[in-house]
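Below is one structure; the comments refer to it alone.
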Amino acid sequence: MRTFLQRLRQRSEQRAIERRAIPETVWQLTLARYPFLSRRDAADMAELRRLSSLFLDSKEFSGAHGLQVGDHMAVAIAAQACLPVLRLGLRPYDGFVGIVVHPDEVQVKREFVDDDGIVHEFDDVLAGEAMEGGPVMLSWRDVSESGESAQWGYNVVVHEFAHVLDMGDGLADGIPPLPSAAERTRWQQVLMREYETFCARIDAEEDTTLDPYGAESPEEFFAVASEAFFVAAQDMRAEHPALYELLAGYYRQDPAGQP
Ligand SMILES: [Zn+2]
């Protein structure tokens, strides 16, 4: 039996979905431009569209440097952001509201202090950024090219939203909130073993399915592995079967097993 609160929530969700219904032409265009979204059965596709409407209703998009975030752009971002949480629901994204879309990559000045206390400044180029409490920043050029860049396992939206999931427990450490201490220990073991092997392969200048940027840290490795898991699933599974299984358990999806 459903409680009054559940019925209330369902009704408010239904209203949000109607308010932010995605027109059929926009949805079909989105699936055509980002084919990795549509390698799902009909029930999953309906759920992706439902979650995307709820996402559009609960987030605020803004364009930087005069960029107008049109409907097709917001839907492209919403659908890619909802793919990782298809079975988890939108609650892990409740901690932020804003999504800032830049026309292209963003140049930022960074500094770090070395062991001798000397401050080093350097320029960094970002295709996206996620921080606790938001907003999430994305480069539209990278988002719009993600249909083609899927073949290299690259997807900026999945990357940044994997960081959001990771930070769900307040820590960016490559370990998202998990139901038990045992699962956390297992996660840490598998992730670190895979990470160390991956770093050795990058040092040896081997070609890898995962973006070499993943060697930066365990949290970047989790984000990069999540990208490939969703957009180049079969290659990712072939190269990292244990990591694939770990992510499949967490996301409750098996994208490599889809036709
Ligand atoms: Zn990252």
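The structure presented is a predicted model; accordingly, all values stated were derived computationally and were not measured. All ligand and atom numbering here is 1-based and tracks the order in the structure.
For the residue pair Gln107/Asp124, the side-chain donor-acceptor check at 3.5 Å is not satisfied. No donor-acceptor contact under 3.5 angstrom links the side chains of Thr208 and Glu239, judged on distance only.
The Zn ion (ligand 1) is the vertex of the angle joining OE1 of Glu220 and NE2 of His163, which measures 100° to the nearest 10°.
Counting only distance, with no hydrogens or angles, the side chain of Tyr195 and the backbone of Phe221 share no donor-acceptor pair below 3.5 Å.
The atom name of the N/O/S atom in His159 closest to the Zn ion (ligand 1) is NE2.
At a threshold of 2.8 Å, the Zn ion (ligand 1) has no backbone or side-chain N, O or S atom of Glu219 nearer than that distance.
In the hydrophobic cluster analysis, where Ile, Leu, Val, Met, Phe, Trp and Tyr join through side-chain heavy atoms closer than 4.5 angstrom, Val108 is grouped together with Met137.
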